[in-house]
Amino acid sequence: MGSKNKLLIIGGTGFIGSYLTNEALSRGFEVTVLSLNNKKVNKNSKNVDFLFADIANLEKLSKVLNKNLFHHVVNLGGYINHTNFSKGGNKIFDVHFKGLYNLINCLNHPELRSFIQIGSSDEYGSNNAPQSENQRELPFSPYSAAKTASTYLLQMLNKTENFPAVILRPFLVYGPGQDKNRFIPQIIYGCLENNEFPVTQGEQLRDFCYIDDFVNAIFSSFENNNAFGEVINIASGRPILVKEIVSMIQNIIGAGVPKFGQIPYRVDENMELYADISKANKLLNWTPKINLESGLTTTIEFQKENINI
């Protein structure tokens, strides 16, 4: 690719961002990572330029980016949090929507060839499964509302100004190195330590996508004219009960005592959240390659080797 392909990754020190950074370097991209702070920066990440700013702060973001030229941008900024608006959710909304708004205002548009927005399956809210991109969004929190508003802003810009945006809507991405507070790592650690640990009754149907498959979907979106202005689900397309995936992890490890029913379901939780991925097949020529058992086994082996990290 060479220096003519300059990639900016917002949130590049996080779980998905780290994988994306490594893959981009292997493909010859010139990578810049924008992060909130330097606490998670991997000092071994050579050939990566690191910038630090709060994307919700336009003045500081503008100074840091300073109209630098980027050909591709992937926005992984912000974090998942379903706090109510009156209890701090307004700040979450700002990070996701105002942060995107600020990014758009700070980028050098004429040179931009792809802007990949990472949305969320939470935008679907209580919609019936399998969730498809032609369903009207039903956000249930400031986080999902901000993601939905971001989707519509980018689609408007694509329609009116040919802004090269693609909105990828991941379901549950997992893999080695994910934060311990996420669902699959929590279950793995509980089983590795052979503990009793609380879980819900596990009757929810969910859709899990391995990290390598998701990163490949991002690259399939670059300079893809068919995908510009579109929302595209990225997932396995294969639903599984939460109880079944807990049992799979337990069986692979051969230990752990999950206590089903000790955690209540979230209020208004959608019990069936899994994707129709036919649009990704058609527009991105993308299909997931890693099946759940293989992905879980790889993730478990990593956690075994890094259990104290």
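Side-chain atoms are counted along with the backbone in the values below, which use heavy atoms only and exclude waters and symmetry mates.
A donor atom on one side chain and an acceptor atom on the other are found under 3.5 Å apart for D207 and S236. Between Q155 and T151, the side chains place no donor N or O within less than 3.5 Å of an acceptor N or O (distance only, hydrogens not considered). Between E293 and N291, the side chains place no donor N or O within less than 3.5 Å of an acceptor N or O (distance only, hydrogens not considered).
Residues Q117 and L168 have side chains not in contact (no heavy-atom distance under 4.5 Å, counting atoms from C-beta outward). In this structure, the side chains of R113 and N5 come closer than 4.5 Å at one or more pairs of heavy atoms. Taking the side chain as every heavy atom from C-beta outward, I218 and I118 approach each other to under 4.5 Å. You'll find the side chain of T299 reaches within 4.5 Å of the side chain of Y174, heavy atoms only. In this structure, the side chains of I245 and F208 come closer than 4.5 Å at one or more pairs of heavy atoms. Using a 4.5 Å heavy-atom threshold, the side chains of I116 and L76 count as separate. Two residues are said to be in side-chain contact when any heavy atoms from C-beta on lie closer than 4.5 Å; I249 and I300 meet this criterion. With contacts defined as side-chain heavy-atom distances shorter than 4.5 Å, the pair F70/V73 qualifies.
Of all heavy-atom pairs spanning S132 and N233, the tightest one is CA-ND2, 3.9 Å. Scanning all heavy atoms of the two residues, the minimum distance from G177 to F302 falls at N-CE2, 3.2 Å. Between D122 and S144, the closest heavy-atom pair is O-CB, 3.6 Å. Nearest heavy atoms, L241 versus G202: CB-O, 3.9 Å.
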task = Verify salt bridge (charged side-chain N to carboxylate O under 4.0 Å, His left out) between R206 and E269, making sure each step is shown before the conclusion.
result = CA-CA 12 Å; R206 292 294 182 263; E269 182 169 4; 2.9 Å; yes
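Among residues two or more places apart in sequence or in another chain, the side-chain hydrogen bond (donor to acceptor under 3.5 Å, both in side chains) test is passed with K98 by none. By the side-chain hydrogen bond (donor to acceptor under 3.5 Å, both in side chains) test, D276 is found to be paired with S278, residues two or more places apart in sequence or in another chain being considered.
A distance of 11.0 Å separates CG of L296 from CD of Q303, quoted to the nearest 0.5 Å. In this structure, the separation between CG on N102 and CG on L58 is 4.5 Å, given to the nearest 0.5 Å. Of the inter-residue distances, the one linking I253 atom CD1 with E301 atom CD reads 9.0 Å to the nearest 0.5 angstrom. With values rounded to the nearest 0.5 angstrom, E23 atom CD is found 10.5 Å from I211 atom CD1. Atoms CD and CG, on Q250 and N194 in that order, are 9.0 Å from each other to the nearest 0.5 Å. In this structure, CD1 on I232 lies 4.0 Å from CG on L284, to the nearest 0.5 angstrom.
Checked by atom type and distance alone, the side chain of D213 never pairs as donor or acceptor with a backbone atom of C209 at under 3.5 Å. When atom types are taken as modelled, the side chain of S150 and the backbone of A146 share a donor-acceptor pair closer than 3.5 angstrom. Under a 3.5 Å cut-off, the side chain of T200 and the backbone N or O of G261 do not form any donor-acceptor pair. Proximity of a side-chain donor or acceptor of D179 to a complementary backbone N or O of R182 within less than 3.5 Å is not detected. A donor-acceptor pair under 3.5 Å links the side-chain atoms of N127 to the main chain of R136, judged by distance alone. Of the possible donor and acceptor atoms, none in the side chain of D94 sits under 3.5 Å from a partner among the backbone N and O of A56. N47 places no side-chain N or O within 3.5 Å of a backbone atom of L25 that could act as its donor or acceptor partner. Q178 places a side-chain N or O within 3.5 Å of a backbone atom of V173 that can act as its donor or acceptor partner. The main-chain N or O of F197 is never found under 3.5 Å from a side-chain atom of N195 such that the two would form a donor-acceptor pair. For the pair S247 (side chain) and K243 (backbone), a donor-acceptor distance under 3.5 Å is present.
Under a hydrophobic-cluster definition in which Ile, Leu, Val, Met, Phe, Trp and Tyr are linked whenever side-chain heavy atoms come within less than 4.5 Å, directly or via other members, V33 and L112 are assigned to different clusters. Connection of I184 to I252 is established within a shared hydrophobic cluster, with ILVMFWY side chains joined at heavy-atom distances below 4.5 Å, either directly or through further cluster members. Each of L100 and I92 belongs to its own hydrophobic cluster when Ile, Leu, Val, Met, Phe, Trp and Tyr are linked at side-chain heavy-atom distances under 4.5 angstrom.
A 6.0 Å sphere centred on NZ of K60 holds no more than 12 heavy atoms belonging to other residues, nucleotides or ligands. Counting heavy-atom neighbours within 6.0 Å of N181 CG, excluding the residue itself, gives a total above 12.
Ring geometry, F50 versus F52: the interplanar angle falls under 30°, so the pair is classed parallel (tilted spans 30 to 60°).
Contact check on K279 versus E230 returns a salt bridge, with a Lys/Arg side-chain nitrogen under 4.0 Å from an Asp/Glu carboxylate oxygen. Ion pairing between E123 and R169 holds under the 4.0 Å rule for side-chain N and carboxylate O.
Pairs of residues two or more places apart, or lying in two chains, that qualify as ring pair (Phe, Tyr, Trp, His ring centres under 6.0 Å) and include a residue from residues 148-170 are H109-F163, F115-F163. The ring pair (Phe, Tyr, Trp, His ring centres under 6.0 Å) pairs that include a residue from residues 212-257 are F29-F219, F29-F222, H72-F222, F219-F222, where partners are two or more places apart or lie in different chains. Contacts classified as ring pair (Phe, Tyr, Trp, His ring centres under 6.0 Å) and involving residues 233-289 (residues at least two apart or in different chains) are not found.
Side-chain contacts under 4.5 Å among hydrophobic residues (ILVMFWY), followed directly or transitively, place L273 together with Y124, F171.
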